[in-house]
Amino acid sequence: MEIRDILKQQQDFFNSNKTKDVSFRITQLKKFKSILKENESLLYKAIYEDFGKSEFETYVSELSLLYHEINNFIKNIKKWSKRKKVSTGLVNFPARSYIIPEPLGVTLVIGAWNYPYQLSLVPAITSIAAGNTVIVKPSELPAKTSEVMAKIINENFPSNFFYVVEGGAKETTELLEHRFDKIFFTGSIPVGRIIYQAAAKHLTPVTLELGGKSPTFVLADTDIKMTAKRIVWAKFLNAGQTCIAPDYILVDQSIEEKFLTALKTEIEASYKIKEDIGENYLRIINTSNFDRLSKLIDHDNVYFGAYLNRDKIFISPTILQNVSFEDEIMKDEIFGPILPVIAFNNLDEAIKRVKERPKPLSCYIYSKNRKKIDKLLNELSFGGGAINDSVMHLSNSKLPFGGVGLSGIGNYHGKAGFDTFSHYKSILDKPFWFEANLKYAPYSKKKLTLIKWLLE
Ligand code: NAD
């Protein structure tokens, strides 16, 4: 079907006001949940074929989030969709004031490849919960997951309400020629710029969930063993292809050796290096990313790992030491299983180096020293993060998720997502039985004195 036709259908359906009915939205969300459940085996199979992601990781990092968001919306949308009364003030007496949450209309969700289900479908679920219609354009790189999403959605929902368009840059460019009421994009900074420019033509509001280099501070007083355990899991989950993965470590020089040993021990305990593809550890999405990552490994700096197999598109968990801020690996987001470790002996200097770079999507701080934790939280700007953990802030839907500066515009998850896909319509509601007459001509000094008295 032509994009123009789907868009027209969705505009017509939105204008029928059906999606404004909260019970309609709840029915659709329940239906979507049962479709996902019925098709779980297809979803697992597709993602395994795309990049060797196991059922365990797929459930934990993708499907569980979809179910959680659906349940959360089913529970709360009635409350969140209600008019909210606010106070009015004497000037408008005897009026009332309230805010009406309303859906935006026809929305477009453009997904990234690295968590293909979560990144395309959580925004879609959120858009539906807020009362919109939605067209989803998943990433084309994991071809099987894109195909399975198109199949289960397009076969089960009418295209005038919820529809998947498959394709890459060409199809996205075509979609962007049309006017949407909202565009929600997850992906890289360069493509984010393209989306923002295209949206500006139509003055379409956008949310951009982008990337960046997320620093991880490991201070001298931390619990080294637990820090290593949590970092290794967060970094090598999805083979490091996670937008909020710890990108690089800044470790206090006094514990560097102990910390490196702990990282190595933890990797060895978690993964069977060389042959462990599929069970616990993923491969790289494609050979071009494999080649990009391979070039980032300076073999003089390898502390651990760096087993590469191009035929299997596999890079084992790799730790680099003696890295400096000037090295190639510190230029762009790594987005793979390579963890550079930089030792510092002055926290202020380390903070300064982080602040010289674009504001990151995430930051992690491992320490038992509240003063130092607060200092870092106060001095650094970043999208979100965690203290003594990594990545897991994403799993709390009460925490708005999104970037700041170059790492993104806007946020979502839970209520924050509902707000992102809503407009808050402000209403002053006045009866006829009283009029103070102060504001009307003919003006007079007496009226002005009274107005001043009222307003000041
Ligand atoms: P990408 O920017 O290459 O692609 C994202 C989407 O844009 C895809 O659907 C793709 O088809 C489309 N696209 C690509 N080129 C385009 C073009 N020229 N015109 C229009 N559309 C185009 O990103 P990716 O490789 O899929 O994902 C990796 C990036 O996404 C990383 O930078 C990562 O940090 C970021 N990311 C951010 C988040 C987040 O929540 N903030 C989550 C995951 C990934």
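One-based numbering, in listed order, for ligands and for the atoms of each.
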Between [options], which one has a non-hydrogen atom sitting closest to [atom]?
| atom | options | result |
| --- | --- | --- |
| atom 41 (N) of ligand 1 | Leu210, Asp247, Val122, Leu141 | Leu210 |
| atom 43 (C) of ligand 1 | Leu176, Asn114, Asn411, Asn286 | Asn114 |
| atom 34 (O) of ligand 1 | Glu333, Gln118, His413, Gln241 | Glu333 |

Could you check, using the six-membered ring where one of them is a Trp, whether [X] and [Y] have ring centers closer than 6.0 angstrom?
| X | Y | answer |
| --- | --- | --- |
| Tyr281 | Phe314 | yes |
| Tyr412 | Phe421 | no |
| Phe161 | Phe24 | yes |

Report the part of [X] (side chain from C-beta onward, or backbone N, CA, C, O) that has a heavy atom under 4.0 Å from ligand 1; answer both or neither where that applies.
| X | result |
| --- | --- |
| Leu119 | side chain |
| Ile194 | side chain |
| Ile244 | neither |
| Leu361 | side chain |

Considering the heavy atoms of [X], write down every atom of ligand 1 situated less than 4.0 Å from one of them.
| X | answer |
| --- | --- |
| Phe401 | 40 (O) |
| Ala169 | 15 (N), 16 (C), 17 (C), 18 (N), 22 (C) |
| Thr172 | 20 (C), 21 (N) |
| Gly211 | 34 (O) |
| Trp113 | 24 (P), 25 (O), 26 (O), 27 (O) |
| Ser188 | 1 (P), 2 (O), 3 (O), 23 (O), 29 (C), 30 (O), 32 (O) |
| Phe185 | 2 (O), 5 (C), 6 (C), 7 (O) |
| Ile110 | 6 (C), 7 (O), 9 (O) |

Output the distance between atom [atom1] ([X]) and atom [atom2] ([Y]), rounded to the nearest 0.5 Å.
| X | Y | atom1 | atom2 | result |
| --- | --- | --- | --- | --- |
| Glu349 | Phe325 | CD | CZ | 8.5 Å |
| Lys37 | Leu43 | NZ | CG | 11.0 Å |
| Ile365 | Asn388 | CD1 | CG | 9.0 Å |
| Ile35 | Lys33 | CD1 | NZ | 13.0 Å |

Judging by distance only, is a nitrogen or oxygen of [X] under 3.5 angstrom from one on ligand 1?
| X | answer |
| --- | --- |
| Tyr412 | no |
| Glu140 | yes |
| Gly111 | yes |
| Lys137 | yes |

Minimum-distance protein heavy atom relative to [atom]:
| atom | value |
| --- | --- |
| atom 22 (C) of ligand 1 | Val191 CG1, 3.5 Å |
| atom 27 (O) of ligand 1 | Ala112 CB, 3.5 Å |
| atom 42 (C) of ligand 1 | Cys243 SG, 3.0 Å |
| atom 35 (C) of ligand 1 | Gly187 O, 3.2 Å |

>> Using salt bridge (Lys or Arg N to Asp or Glu O under 4.0 Å), reason through Arg283 and Asp50 one step at a time and then give a plain yes or no.
In response: CA-CA 9 Å; Arg283 63 174 176 77; Asp50 277 333; over 6 Å; no
>> Counting neighbours of CZ on Arg179 that are heavy atoms of other residues, nucleotides or ligands and sit closer than 6.0 Å, is the number greater than 12?
In response: yes
> Crowded around Lys18 NZ? As in, over 12 foreign heavy atoms under 6.0 Å?
Replying inline: no
> Side chains of Pro337 and Ile284: closer than 4.5 Å at any heavy-atom pair?
Replying inline: yes
> Hey, is atom 18 (N) of ligand 1 touched by any protein heavy atom at less than 4.0 Å?
Replying inline: yes
> So, does Gly408 sit close enough to ligand 1 that a heavy atom of it is under 4.0 Å from the ligand?
Replying inline: no
>> Any atom of ligand 1 sitting under 4.0 Å from a heavy atom of Gly403?
In response: no
> Among Leu376, Leu250, Val251, which residue meets the side-chain contact (heavy atoms from CB on, under 4.5 Å) test with Leu219?
Replying inline: Leu376
> Looking only at side chains, do Ser422 and Glu102 share a donor and an acceptor under 3.5 Å apart?
Replying inline: no
> What is the ring orientation for Tyr67 with Tyr59, classed by angle as parallel under 30°, tilted 30 to 60°, or perpendicular over 60°?
Replying inline: tilted
> Can you tell me if Ser16 uses its side chain to pair, donor with acceptor, with the backbone of Phe13 under 3.5 Å?
Replying inline: yes
